[in-house]
Structure formats: structure tokens, C-alpha cells
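Comments concern the structure below.
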Amino acid sequence: MDDKLFRQAMGRFATGVTVITTEVGENIHGMTANAFMSISMDPKLVTISIDNKATMLEKINISGSYAVNILSEQQKDISMHFAGQTKEKKEIEFGRLMDVPVIKDSLASVVCDVDRTYEVGDHTLFIGKVREIEIKDGDPLLFYCGCYGTQEKVDYAR
Ligand code: FAD
């Protein structure tokens with residue numbers, strides 16, 4: 001199976017964009033991720049998938065907790081920053097939820113304790129038990145075929 005074909009097919013699954021945040025000692029670390037999924041309602045569990053080469057892997061292994069921050073369409077620069085896609089240094093002012101660092105003005109911040117981990121191929125799945133949630137209204141930042149996008153309109157009517 002060709003890597004490029006696999007990447008192109010997976011890229012056709014449109015997603016939102018999150019920044020994962022965690023803290024070790026006094027050092028906060030953030031990383032952009034779209035491999036995020038809700039797993040279970042009772043108990044409330046979510047998962048993220050982290051590249052085994054990412055700095056974030058060791059950080060979460062040590063801290064045992066993380067926040068998933070779902071970005072709004074105004075936060076593309078934040079996504080690019082935490083994906084290492086920009087050159088300039090940026091000072092980020094983090095918020096706090098249950099004493100875990102979070103990205104301010106996100107559509108949702110979901111604070112989790114690591115429940116279990118699974119190393120699967122070249123990534124590790126961190127199953128997180130949800131401890132606290134904060135939400136805000138707004139429109140999401142989207143990611144599709146390797147490009148950022150926004151939706152012109154959300155039809156909230158059911
Ligand atoms: P680094 O590359 O060292 O850090 C990432 C960036 O965040 C650096 O620019 C760093 O300066 C900055 N940063 C970190 N902490 C702070 C702080 N406290 N203050 C200011 N800046 C800080 N990878 C995955 O493993 N899983 C995914 O699901 C995933 N999804 C992605 C989705 C999208 C849309 C994109 C664009 C990338 C995705 N990636 C994913 C790739 C991932 O975001 C990058 O490879 C990232 O650089 C890996 O981060 P790292 O933990 O290795 O740390």
C-alpha cells in the first residue's frame with residue numbers, strides 16, 4: 001500500500017482541529033491534533049492519537065493528564081503555531097481548567113486524566129477520562145485534504 005494514497009484517502013475525512021495541552025512541572029506543552037474522538041458516554045472517555053516521535057508523547061506520559069482544545073475559525077494561527085508551521089516565536093497566554101493549561105477562547109476545552117494507553121503502529125492512543133469541560137459558542141476551524149477551511153454557515157436547526 002502506497003503511503004501517499006493512504007494519506008490522501010485519510011485527508012478526505014473532514015475534521016475539526018484541536019490543540020492538546022499538558023504541563024510537566026512548570027513547563028506547558030501544546031500540539032495541534034485532529035486525531036481526536038469521543039469514545040464513551042458512561043464513563044465519559046475520549047481518545048487522541050499521538051505520533052511516537054512527537055515531544056507531546058513523553059509529556060503526557062509524565063503528566064498523566066491533558067486538555068483537548070477544539071479551535072474556532074479565528075484560531076488558525078494557533079493551530080499553525082502548535083503544529084510548528086510558523087517560524088516566529090509566539091508567547092501564548094494559557095488559561096486554566098482544573099489546574100490544567102487550556103487554550104483561551106476555544107469552542108471547547110476537555111480536561112482528561114489518562115485512563116489507559118495503547119501503542120498502535122507508529123502512534124500511541126491516549127484514552128482520557130473526562131474530568132471537566134468548558135464550552136463557548138462559535139464556528140469551527142476545519143481541516144480537509146491538508147488544508148484549513150471554515151464553513152460559511154452552520155445550519156443549527158434540526
Ligand atoms: P513541537 O514540534 O516541539 O511543538 C509544536 C509547536 O508548539 C512548536 O512550534 C512549539 O514552539 C510550540 N509550543 C509548544 N509548547 C508551547 C508553549 N508552551 N508556548 C508556546 N509555544 C509552544 N500529530 C499527531 O501526532 N497527531 C495528530 O492527531 C496530529 N494532527 C494534526 C493535525 C493538523 C491539522 C496538523 C497541521 C498537524 C497535526 N499533527 C498531528 C502534527 C503535529 O501537530 C506536529 O508534528 C507537531 O509539531 C508535533 O509537536 P511536538 O509535540 O513534537 O512538539
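Just follow the structure's listing: the first ligand is 1, and inside any ligand the first atom is 1.
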Would you mind telling me if ligand 1 is within reach of the side chain of [X], the backbone, both or neither, using heavy atoms under 4.0 Å?
{"X": "D51", "answer": "both"}
{"X": "F94", "answer": "side chain"}
{"X": "F82", "answer": "both"}

With a cut-off of 4.0 Å, which atoms of ligand 1 are near a heavy atom of [X]?
{"X": "A35", "answer": "28 (O)"}
{"X": "F143", "answer": "34 (C)"}
{"X": "S49", "answer": "24 (C), 25 (O), 26 (N), 27 (C), 28 (O)"}
{"X": "A83", "answer": "36 (C), 43 (O), 44 (C), 47 (O)"}
{"X": "A54", "answer": "51 (O), 52 (O)"}
{"X": "K90", "answer": "20 (C)"}
{"X": "I92", "answer": "20 (C)"}

Nearest protein heavy atom with distance in Å, relative to [atom]:
{"atom": "atom 52 (O) of ligand 1", "value": "T55 N, 2.9 Å"}
{"atom": "atom 4 (O) of ligand 1", "value": "H29 CE1, 3.8 Å"}
{"atom": "atom 40 (C) of ligand 1", "value": "T32 O, 3.4 Å"}
{"atom": "atom 14 (C) of ligand 1", "value": "G30 O, 3.4 Å"}

Polar contact flag for [X] and ligand 1 (N/O pairs, less than 3.5 Å):
{"X": "M56", "value": "yes"}
{"X": "Y148", "value": "no"}
{"X": "S79", "value": "no"}

Does atom 10 (C) of ligand 1 have any protein heavy atom closer than 4.0 Å?
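Within 4.0 Å: no protein heavy atom nearby.
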Atom 2 (O) of ligand 1 touched by protein (heavy atom, under 4.0 Å)
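So atom 2 (O) of ligand 1 lacks protein heavy-atom neighbours under 4.0 Å.
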Option with minimal heavy-atom separation from [atom], where the choices are [options]:
{"atom": "atom 30 (N) of ligand 1", "options": "T18, N34, N52, I50", "result": "N34"}
{"atom": "atom 17 (C) of ligand 1", "options": "I28, L71, L142, L141", "result": "I28"}
{"atom": "atom 20 (C) of ligand 1", "options": "H81, E91, M80", "result": "H81"}
{"atom": "atom 46 (C) of ligand 1", "options": "Q85, K76, M31", "result": "M31"}

With a sphere of 6.0 Å drawn around [atom1] of [X], does it hold more than 12 non-hydrogen atoms of other residues, nucleotides or ligands?
{"X": "I135", "atom1": "CD1", "value": "no"}
{"X": "R7", "atom1": "CZ", "value": "no"}
{"X": "E58", "atom1": "CD", "value": "no"}
{"X": "D2", "atom1": "CG", "value": "yes"}

Please answer: with hydrophobic residues joined when any side-chain heavy atoms are less than 4.5 Å apart, are F36 and F143 in the same cluster?
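No, because F36 and F143 fall into different hydrophobic clusters, even though each may have its own neighbours under 4.5 Å.
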For S72 and D139: C-alpha separation, side-chain torsions, deciding distance, then whether side chain to side chain donor-acceptor pair (under 3.5 Å) applies.
CA-CA 6 Å; S72 77; D139 291 322; over 6 Å; no
In plain terms, say whether [X] and [Y] are close enough for a salt bridge, that is, a side-chain N and a carboxylate O under 4.0 Å apart.
{"X": "D77", "Y": "K90", "answer": "yes"}
{"X": "E134", "Y": "K104", "answer": "no"}
{"X": "D113", "Y": "R131", "answer": "yes"}

Mind checking whether C112 and V110 have side chains closer than 4.5 Å, heavy atoms only?
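Yes; the side chains approach each other to less than 4.5 Å.
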Rounded to the nearest 0.5 Å, what separation is found between the CD1 atom of I103 and the CD1 atom of I28?
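The distance works out to 9.0 Å.
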To the nearest 0.5 Å, how far apart are CZ in F94 and CG in N69?
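Between atom CZ of F94 and atom CG of N69 there are 9.0 Å.
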Can you tell me if E23 and Y66 form a side-chain donor-acceptor pair at under 3.5 Å?
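Checked: E23/Y66 side chains show no N/O donor-acceptor pair below 3.5 Å.
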Using a distance-only test with no angle check, is there a side-chain donor-acceptor pair under 3.5 angstrom linking Y118 and T124?
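No, no side-chain donor-acceptor pair sits under 3.5 Å.
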